[in-house]
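Read through the structure below, which is laid out as structure tokens, and then see the notes.
Values below: every heavy atom of this structure, side chains too, minus hydrogens, waters and symmetry copies. Positions are given from 1, in the same order as the sequence printed here.
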Amino acid sequence: MKPNRPRAHLTAPSGWINDPNGLIEWQGHYHVYYQYNPFSCEWDTPYWGHAVSTDLVHWRQMPVALRPTPGGPDADGCFSGCMVDDGNGAPIAVYTGVVGADEDMRVETTCLARASEDLTRLRAHAANPVVDGPPSPEATEGFRDPFVWFEDGRWQQIVGSGSRDVGGIIYRYVSDDLLRWEYAGVFHRGVGDRHDTHDTGIMWECPQLVRGEDGDVLIISVLDREDPSRRKVVGLAGEVTPEGFVEKSRHLVDHGSAFYAPAVMRDRRGRTLLWGWITESQTPTACTRQGWAGTLTLPREVWVGPDGALRSRPAAELARLRGTPLLEAGLDLAAGERHPLTEAGAHLWLEADLRLDDADAVRIELLASPDRREHTDLVVDRRAGEVRLERGASSRSQAAETATERCAFDPSSGRVGLTVVVDASTIEVFVGEEAAITSRAYPTGPTSTAAAITAEGGRACAEVACWELLAAIS
Ligand code: FRU
């Protein structure tokens with residue numbers, strides 16, 4: 001039995017997975033590559049794993065697509081990057097080549113890899129590296145994760161970096177042929193400030209751009225080397241200009257602690273799709289025992305809202321993951337009355353429209369054991385003006401996993417729409433289109449699978465529908 005393993009989220013066949021890479025729709029197939037260590041359940045020299053789908057719902061695991069070239073500029077790892085259509089019928093991966101296993105001595109460069117016709121093999125280009133390192137010695141924290149797009153008749157590349165003394169930096173390059181790149185200045189930079197609620201640290205990884213009519217969002221993954229649990233993904237709302245990115249405001253792209261290093265792509269329908277890496281909060285020993293570590297989010301459609309901040313929802317196709325209906329009901333919830341939703345919620349898609357009437361809060365228990373000693377609670381709290389995922393009782397054995405995750409909720413209307421996807425140990429919550437919380441829970445008991453709803457401090461109404469979440473990875 002594999003109690004923690006998701007069945008609809010992309011997970012490595014075995015071994016370690018981190019960032020999604022090289023997202024592209026090509027000849028009717030969606031391709032997702034990912035940072036992959038096939039040899040153990042801990043991070044090490046990354047390869048690019050690969051999965052393919054025709055419908056965004058069902059995924060087929062493919063062989064490793066990109067591997068380090070001995071003696072090459074990626075000898076010690078093919079780190080994160082993207083994929084573009086070069087216009088000559090061949091997609092090309094633009095990725096980070098790394099030489100030097102020791103983090104402080106690494107040389108990070110931009111490399112290219114040409115895809116075979118079916119995109120199953122990516123071959124490192126003879127011209128590698130095409131950018132041989134940062135443009136300035138101020139880049140003390142690294143130089144990686146190229147993101148490339150075509151605009152104004154030229155290829156544009158932004159690369160993540162940072163300076164110990166100042167903050168995160170994104171450098172920009174331009175090119176006519178993807179091979180020769182000209183440095184085009186700092187695209188954007190931050191000022192590390194631990195007193196700022198959106199402190200963006202000293203290293204920005206995996207820059208991504210979402211373009212919109214109401215503005216652009218520059219997504220950055222903020223690394224905290226001293227305390228990796230403080231990693232976070234920040235959306236910088238603003239505008240791409242010829243001089244660089246003009247930032248107007250900041251927000252979190254996801255409020256969960258398990259979400260990091262997302263990547264985006266534009267599909268043929270003009271949608272922007274996003275996948276993130278869902279990290280583990282188990283010990284490395286527990287991961288080794290289960291044989292795999294890390295998974296990717298479900299694909300999300302993202303766009304820039306009228307306030308300039310990112311919006312998201314599960315891609316519409318994912319409705320096909322809804323299998324057997326478990327419940328569809330309009331519930332009048334009396335104060336304190338616990339209403340069971342299902343016993344079979346280990347793999348669950350739940351939609352809830354809540355009206356809080358005179359209730360202070362509505363609590364949805366997930367992954368609950370029959371004795372209710374294990375449960376993970378999603379609480380819509382009107383008094384606190386927040387939606388919280390409480391994990392203090394998620395697991396009898398994971399004492400460390402107590403962090404509560406929260407996002408703001410405007411209590412004035414008392415109404416909220418929730419989409420919750422539980423896929424064994426992964427939980428993705430969408431609070432309307434405004435906020436998402438990606439998290440993990442590791443209940444110990446095979447019967448910790450129930451879901452229930454309770455109104456607290458008054459009455460509430462809930463329109464609830466639950467389905468079994470289907471398996472979609474082969
Ligand atoms: C983000 C990251 C990237 C890097 C990759 C290495 O999680 O640190 O910056 O390219 O992972 O696996």
Side-chain angles (χ1 to χ4, degrees), residues 19 21-24 33 46 48 66 68-69 71-100 106-115 122-163 168-189 203-211 216 218-221 240-245 261 263-266:
D19 317 354
N21 294 150
L23 309 172
I24 194 166
Y33 301 84
W48 278 27
L66 178 64
T69 312
D74 61 2
D76 289 309
C78 302
F79 280 34
S80 287
C82 61
M83 184 91 89
V84 292
D85 176 356
D86 75 351
N88 297 318
I92 217 162
V94 190
Y95 67 102
T96 312
V98 171
V99 179
R106 268 185 204 155
V107 177
E108 299 179 331
T109 58
T110 298
C111 291
L112 304 179
R114 202 165 273 288
L122 305 175
R123 279 225 185 84
H125 202 289
N128 284 342
V130 293
V131 180
D132 63 4
S136 152
E138 71 171 343
T140 53
E141 302 304 294
F143 179 77
R144 55 180 177 269
D145 312 333
F147 179 81
V148 173
W149 73 102
F150 196 74
E151 188 171 346
D152 294 337
R154 301 191 88 180
W155 292 103
Q156 317 274 332
Q157 174 182 182
I158 52 175
V159 186
S161 185
S163 165
I169 307 172
I170 305 286
Y171 294 113
R172 179 187 205 162
Y173 295 80
V174 291
S175 171
D176 292 319
D177 58 6
L178 292 169
L179 284 168
R180 282 171 298 260
W181 291 92
E182 194 183 302
Y183 177 54
V186 168
F187 185 63
H188 194 45
R189 65 162 79 231
M203 173 62 196
W204 292 356
E205 304 186 293
C206 303
Q208 305 281 308
L209 267 181
V210 180
R211 314 299 292 271
D216 305 313
L218 172 61
I219 299 175
I220 52 170
S221 287
V240 176
T241 74
E243 288 73 45
F245 189 78
V264 298
M265 62 166 275
R266 229 11 203 289

Close side-chain approach of [X] and [Y], heavy atoms under 4.5 Å:
X    : Y    : value
I158 : Y173 : no
D145 : V159 : no
L218 : H188 : yes
L112 : L179 : yes
I219 : F147 : no
M265 : Q208 : no
V130 : L178 : no
I220 : E205 : no

Set out, in order, the CA-CA distance, both residues' side-chain angles and the distance that settles side chain to side chain donor-acceptor pair (under 3.5 Å) for T110 and Q157, then state yes or no.
CA-CA 10 Å; T110 298; Q157 174 182 182; 2.9 Å; yes

Which salt bridge (charged side-chain N to carboxylate O under 4.0 Å, His left out) pairs, counting each pair once, include a residue from residues 88-98, with sequence neighbours left out?
none

For residues [X] and [Y], report the shortest heavy-atom separation together with the two atoms involved.
X    : Y    : result
Y171 : S136 : OH-CB, 4.2 Å
A75  : P68  : O-CB, 3.4 Å
P73  : C111 : CG-SG, 4.0 Å
L122 : A115 : CD2-CB, 3.6 Å
P135 : Y183 : CG-CE1, 3.4 Å

Under the side-chain hydrogen bond (donor to acceptor under 3.5 Å, both in side chains) rule, what pairs show up with a residue in residues 74-85, not counting sequence neighbours?
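Matches after skipping sequence neighbours: D19-S80, N21-S80, T69-D74, D74-Y95.
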
May I have all residue pairs that pass side-chain hydrogen bond (donor to acceptor under 3.5 Å, both in side chains) and include part of residues 123-135, sequence neighbours excluded?
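Pairs touching residues 123-135 that pass the test: none.
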
Between [X] and [Y], how do the two ring planes meet: parallel, tilted or perpendicular, split at 30° and 60°?
X    : Y    : value
F150 : W155 : perpendicular
F187 : F245 : tilted
Y33  : W48  : tilted

Who are the salt bridge (Lys or Arg N to Asp or Glu O under 4.0 Å) partners of [X], not counting sequence neighbours?
X    : value
E108 : R106, R144
D216 : R211
R172 : none

Sidechain-backbone polar pair: S163 side chain, A139 backbone, donor-acceptor under 3.5 Å:
no

